[in-house]
Amino acid sequence: MLGRIDLKGEALNLDHTFGCGQIFQWRKEEEGWLGAVGGQAVLLRVEDDALFFRSERSLRDELERFLSLDLRYDEIIRGSDLDAFSLSLLRDYRGLRILRQDPWACLVTYMVSASLSIRAIDRVLGRISAGMPALRLDEHVVNDFPGPNEFLSVRRPKKGYLGRKWEYLRTAAAEATNGRLDFDRLRLASYDDAWRSLVLSKEGHLLGVGPKVADCMLLFSLEKREAFPMDRWVMRGLSHHYGWLLPEEVAVRIRKGKEALSRGEYAGISGRARSYFGELGGLVQECLFLHMRTAGSRPPSV
DNA sequence: GCCCAGGTGCGGC
DNA sequence: GCCGCACATGGG
């Protein structure tokens, strides 16, 4: 069926939204962006202030939620008090929306992502879902992503594949199936409580989930819009455009090409970023990430 | 071959 | 706490 969702003036740019790196396993086809939502394959395209979707059954509610169409970003941005550079980022990438991904798939994505390239991440996720039933839409095929239970019976592609990460993923899957890892509870918790529960507390502590992965989880699937994941690209962007958020010695070090942060440094900068950007933090972070990766911005060579 | 990629765990101070 | 290193995979 073909469905239409009126955007009511709210901006939606699918290239920015699916191309910015917040989600993997989506492809741009001639007819639009192809991926899986709610266990179905779907094609998305924006035209004339409306989102058109093609799928077997209607996905209206799922898509409104997935694309966070309930959020009026333009209004939030108008009411904000951000600096000129942030506003120019938000303008350049207008229509980039933070998705509400499935928490389990999101957790796997970012546990896998550690120290891999974007291409490698996409390839690994493809291998993980390769054995899943194919979701079809006309001539298009996508693989659904295995849930925690299904993941436990996914065959390791080859001996030693992903190394320790594979064991971490299996442990996380077990925690999710036995309920000790409770995504709904994390969704309802405050940013601080949810972050601590993912990273720090002995109970519920997940190997393979550090500060950055936790922030990605919180932002991309658990509705913590103030979460501000900081990877190498974002740190370069911060040192370049938001120097005042960083301790001087960290800014200097990054300009020399050493972006790695200690836990303490991460926590400190994250706190400053969250209090400065507020609920627009996650959105600015994604715009900055996209900007740093596409605009070819490099730190000034010192 | 070597370097770098959406970091994290671990052992050594 | 902080530092240095190992860790897997894939592309340039």
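Among the protein residues, Tyr110(A) comes within range of the nucleic acid bases, having at least one heavy atom under 4.0 Å from a base atom. Contact annotation for Tyr168(A): backbone-only contact, meaning every heavy-atom pair under 4.0 Å involves sugar-phosphate atoms and none involves a base. The residue Val234(A) sits close to a base: some heavy atom pair falls under 4.0 Å. Within the 4.0 angstrom heavy-atom criterion, base atoms lie near Gln285(A). Contacts of Gly264(A) with the nucleic acid, taken as non-hydrogen atoms under 4.0 Å apart, involve only primed sugar atoms and P, OP1 or OP2. When heavy atoms are screened at a 4.0 angstrom cut-off, Leu162(A) is found touching the sugar-phosphate backbone but no base atom. Glu167(A) comes within 4.0 angstrom of no nucleic acid atom, judged by non-hydrogen atoms across all strands. Within 4.0 Å (heavy atoms only), Leu207(A) reaches sugar-phosphate atoms of the nucleic acid but no base atom. At the heavy-atom level, Ser115(A) lies under 4.0 Å from base atoms of the strands shown.
Side-chain N/O atoms of His140(A) and Glu31(A) include a donor and acceptor closer than 3.5 Å. Looking at Tyr93(A) and Asp15(A), their side chains never bring a donor and an acceptor atom within 3.5 Å of each other. Between the side chains of Tyr266(A) and Asp215(A), at least one donor N or O lies within less than 3.5 Å of an accepting N or O.
Taking the side chain of Lys158(A) as heavy atoms from C-beta on, and the options dT8(B), dT9(C), dA5(B), the nearest nucleotide is dT9(C). Taking every side-chain heavy atom of Arg236(A) into account, dA5(B) is the closest of dG11(C), dT8(B), dA5(B).
When the nearest nucleotides of DNA chain B are assigned to Val209(A) and Gln22(A) by heavy-atom distance, the more 5′-ward of the two goes with Gln22(A). Residues Ser262(A) and Gly160(A) each lie close to DNA chain C; by heavy-atom proximity, the contact nearer the 5' end of the strand is made by Ser262(A).
The salt bridge (charged side-chain N to carboxylate O under 4.0 Å, His left out) test with Glu279(A) is passed by exactly one of Arg274(A), Arg72(A), Arg225(A): Arg225(A).
Going from atom CG of Leu198(A) over to atom C1' of dG7(B) covers 15 Å, rounded to whole Å. One interatomic measurement links the two molecules: CZ of Phe289(A) to P of dG7(B), which rounds to 9 Å at whole-angstrom precision. When the C1' atom of dC2(C) is taken as reference, atom CZ of Arg253(A) falls 10 Å away, rounded to whole Å. Between the C1' atom of dG4(C) and the NZ atom of Lys258(A) lies a distance of 10 Å, rounded to the nearest Å. Here the C1' atom of nucleotide dG1(C) and the CG atom of Leu200(A) are 14 Å apart, to the nearest Å. Taking atom CD on Glu265(A) and atom P on dG7(B), their separation rounds to 16 Å, with Å as the unit. One interatomic measurement links the two molecules: CG of Leu116(A) to C1' of dA5(B), which rounds to 7 Å at whole-angstrom precision. In this structure, the CD atom of Glu259(A) is 14 Å from the P atom of dT8(B), given to the nearest Å.
For Arg123(A) and dA5(B), the shortest distance from a side-chain N or O to OP1 or OP2 is not below 4.0 Å. Dashed line: the shortest gap from a side-chain N or O of Arg164(A) to OP1 or OP2 of dT8(B) is not under 4.0 Å. Within the 4.0 Å cut-off from OP1 or OP2 of dG9(B), at least one side-chain nitrogen or oxygen of Arg263(A) is found.
Straight-line distance between the P atoms of dG11(B) and dA8(C): roughly 15 Å, to the nearest whole Å.
Proximity of Phe151(A) to Thr177(A): side-chain heavy atoms (C-beta onward) are nowhere separated by under 4.5 Å.
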Problem set entry | Worked check of side-chain contact (heavy atoms from CB on, under 4.5 Å) between Phe220(A) and Glu286(A) | CA-CA 10 Å; Phe220(A) 300 134; Glu286(A) 269 317 271; 3.5 Å; yes

